[in-house]
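Remarks on the structure that follows.
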Amino acid sequence: MLFDVFSSNSVDLRMFLFPWHTNSLLLDILCMPNKEFSPYGYCFLFFYCCSKLMAERLLLRALSGGKSTKIVTLNGKKLKKMPSTLERLQGLQTLDLQNNLILNVCPEISSLVQLTVLNLGNNLLQEVPEEVKYLSSLKKLHLFGNRISRFASGVCDGLQNLVLLNLNNNQLTSIPPEVNRLKSLTFLSINYNQLSSIPRELCLLINLSELQLNYNKIICIPEEINFLRNLQKLFLIRNKIEVLPQELCDLANLRILDIAGNKIQIFPPGFQKLKLKELHCEGNPLFLKKPFKAVLQDDLCSLQKWKTNYNLRLVPLQKLVCSYKCFNRRAPNTFGIAQA
């Protein structure tokens, strides 16, 4: 019905929009002669202005609540900047501004000392903004789907209570060493970026329970991975990892390991000690080393059973024996392997 109205050139659209004549943006548009826009152009402007008006009304309603306002949601309102009037909401706890066109975080946000959740996903940010370091109560920070390629200087300093950081779908090529200052972090997700390595400092986040680094360009895992003693879930899907460090076997609380789509040929000694509930390793070049009769080789490959998400029943596990004589008296499912 609305489209039928806008399709008629005989309708004066300024009369149709009259109920919203107090808005300054609409006043500018309404003063234009009809010939400057096609019916489809007016249709676009109408919906654009309605979105802007709705955002303004929601914000005015929030501001009227003052310190009693706890949640502000302005998703998909085509906002190009954060409303500076947010600083008046001293009691705000959740601010949701995802799916907008925001380029920068306004400095006024630093006054929101009670804010615990900030969602700026799917905007146009180019860095993890420095302003968030003043949000001392912040627990969850969502920055997915932006254009972030760097961390602003000192951004990790004030986020001592942060437990969740989501940086999926950005353009990060590295993680700064300062990440080790996020002492309370339990969930970190940096999927679909351009990371080539995992900094050793990240392994100092001893409270981390889930780490997601899928679809990056990571070549190796640091030996310090064993410092993550509370890690329960580790996801490294579709990277370029060739070798798993033996220190990975020290993660006593690890229950889910997903290393699908890498370049791993064999698992390190002690891997069978992990108390995994799920192991996903499809898409790796396993079993490319062919069995052969042991002569003077001390290395061997044991085939271990794990629960996987495809039809792989046995995976190669490296072990050491005291001598080739012991090896020749090997147990079932144990084979010598040729060197690559």
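No hydrogens, no waters, no symmetry mates; every other heavy atom, side chains included, goes into these values.
Rounded to the nearest 0.5 angstrom, Leu228 CG and Leu254 CG are separated by 10.0 Å. Distance check, rounded to the nearest 0.5 Å: CD of Glu247 to SG of Cys249 gives 8.5 Å. Taking CG from Asn226 and CD from Gln246, the interatomic distance works out to 10.5 Å, rounded to the nearest 0.5 Å. Atom SG in Cys156 sits 10.5 Å away from atom NZ in Lys133 (nearest 0.5 Å). Taking NZ from Lys263 and NZ from Lys240, the interatomic distance works out to 6.0 Å, rounded to the nearest 0.5 Å. Atom CZ of Phe187 sits about 9.5 Å away from atom CG of Leu208, to the nearest 0.5 Å.
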- Task: List the steps, then state whether side chain to side chain contact (heavy atoms under 4.5 Å, CB included) holds for Cys281 with Leu286.
- Result: CA-CA 9 Å; Cys281 55; Leu286 303 173; 4.1 Å; yes

- Item | Intermediate values then yes/no, side chain to side chain contact (heavy atoms under 4.5 Å, CB included), Leu164 and Lys139 | CA-CA 6 Å; Leu164 180 150; Lys139 293 185 176 181; over 6 Å; no

- Evaluate side chain to side chain contact (heavy atoms under 4.5 Å, CB included) for Leu118 paired with Ile109, printing each intermediate quantity in order. CA-CA 10 Å; Leu118 176 58; Ile109 196 175; 4.1 Å; yes

- Message: Determine whether Leu138 and Leu159 satisfy the following criterion, side chain to side chain contact (heavy atoms under 4.5 Å, CB included), listing intermediate values before the conclusion.
- Response: CA-CA 7 Å; Leu138 197 64; Leu159 299 176; 4.2 Å; yes

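Not a single donor-acceptor pair under 3.5 Å links the side chain of Asn119 to the backbone N or O of Leu143. In terms of modelled atom types and a separation under 3.5 Å, the side chain of Asn193 and the main chain of Leu167 share a donor-acceptor contact. Distance alone, capped at 3.5 Å, is enough to place a donor-acceptor pair between the Asp258 side chain and the Ala260 backbone. At distances below 3.5 Å, not a single donor-acceptor pair connects side-chain atoms of Asp96 with backbone N or O atoms of Thr73. Without hydrogens or angle criteria, Ser189 side chain to Asn166 main chain gives no donor-acceptor distance under 3.5 Å. Using a distance-only test at 3.5 Å, with no hydrogens or angles considered, no donor-acceptor pair links the side chain of Asp250 to the main chain of Leu248. The main-chain N or O of Asn239 is found under 3.5 Å from a side-chain atom of Asn262 such that the two form a donor-acceptor pair. In terms of modelled atom types and a separation under 3.5 Å, the side chain of Asn100 and the main chain of Lys78 share a donor-acceptor contact. Asn75 contributes a side-chain N or O that, together with a main-chain N or O of Gln98, makes up a donor-acceptor pair within less than 3.5 Å. A donor-acceptor pair is defined here as one N or O able to donate and one able to accept, closer than 3.5 Å; such a pair exists between the side chain of Ser137 and the backbone of Val113.
The hydrophobic clustering, which links ILVMFWY residues whose side-chain heavy atoms are closer than 4.5 Å, places Phe144 and Leu97 apart. A single hydrophobic cluster is seen to contain both Leu188 and Ile221, as judged by linkage of ILVMFWY side chains at heavy-atom distances under 4.5 Å, directly or through other members. Under a hydrophobic clustering in which Ile, Leu, Val, Met, Phe, Trp and Tyr are joined whenever their side-chain heavy atoms come within less than 4.5 Å, directly or via other members, Val105 and Ile102 fall into the same cluster. Both Leu141 and Leu86 sit in one connected hydrophobic cluster of ILVMFWY residues. Membership requires side-chain heavy atoms under 4.5 Å apart, directly or through other members. Linking ILVMFWY side-chain heavy atoms closer than 4.5 Å, directly or via other members, places Leu101 and Leu79 in two distinct hydrophobic clusters.
A side-chain N or O of Asn122 and one of Asn99 form a donor-acceptor pair less than 3.5 Å apart. Counting only N and O atoms by type, the side chains of Asn191 and Gln212 include a donor and acceptor under 3.5 Å apart. For the 3.5 Å distance criterion, the side chains of Lys183 and Gln160 fail to qualify, holding no donor opposite an acceptor. No side-chain donor from either of Thr186 and Asn207 sits under 3.5 Å from a side-chain acceptor of the other. Looking at Glu282 and His280, their side chains never bring a donor and an acceptor atom within 3.5 Å of each other.
Counting only heavy atoms from C-beta outward, the side chains of Ile175 and Ile198 never approach each other to under 4.5 Å. Contact check for Val72 versus Thr94: no side-chain heavy atoms found under the 4.5 Å cut-off. Between Lys233 and Ser209 the shortest side-chain heavy-atom distance does not fall below 4.5 Å. Residues Leu182 and Leu165 form a side-chain contact, since some pair of their non-hydrogen atoms from C-beta on lies under 4.5 Å apart. At a threshold of 4.5 Å between non-hydrogen side-chain atoms, the residues Glu210 and Ile256 do not count as touching. Considering only heavy atoms from C-beta on, Leu120 comes within 4.5 Å of Leu125 through its side chain. The closest side-chain heavy-atom distance from Ile71 to Thr69 is not below 4.5 Å. Using a 4.5 Å heavy-atom threshold, the side chains of Pro222 and Cys203 count as touching.
What you find for Pro245 and Pro268 is that their closest heavy atoms are O-CG, 3.9 Å. In terms of heavy-atom proximity, Leu236 sits nearest to Leu213 at CD2-CB, 3.8 Å. Taking all atoms of both residues into account, the shortest heavy-atom contact from Leu112 to Leu92 is CD1-CD2, 4.1 Å. Looking at every heavy atom in both residues, Ala152 comes nearest to Glu130 through CB-N, 3.5 Å.
Residue Tyr192 qualifies as open at atom OH: its count of foreign heavy atoms under 6.0 Å is 12 or below. Atom CD of Gln171 is surrounded by more than 12 heavy atoms from other residues, nucleotides or ligands within 6.0 Å.
With sequence neighbours left out, the side chain to side chain contact (heavy atoms under 4.5 Å, CB included) criterion links Ile206 to Arg229. Listed by chain and number, the residues in a ring pair (Phe, Tyr, Trp, His ring centres under 6.0 Å) with Tyr134 amount to none (sequence neighbours excluded).
Each of Asn230, Leu257, Leu276, Leu231 was checked for a side-chain contact (heavy atoms from CB on, under 4.5 Å) with Leu251, and the lone residue meeting it is Leu231.
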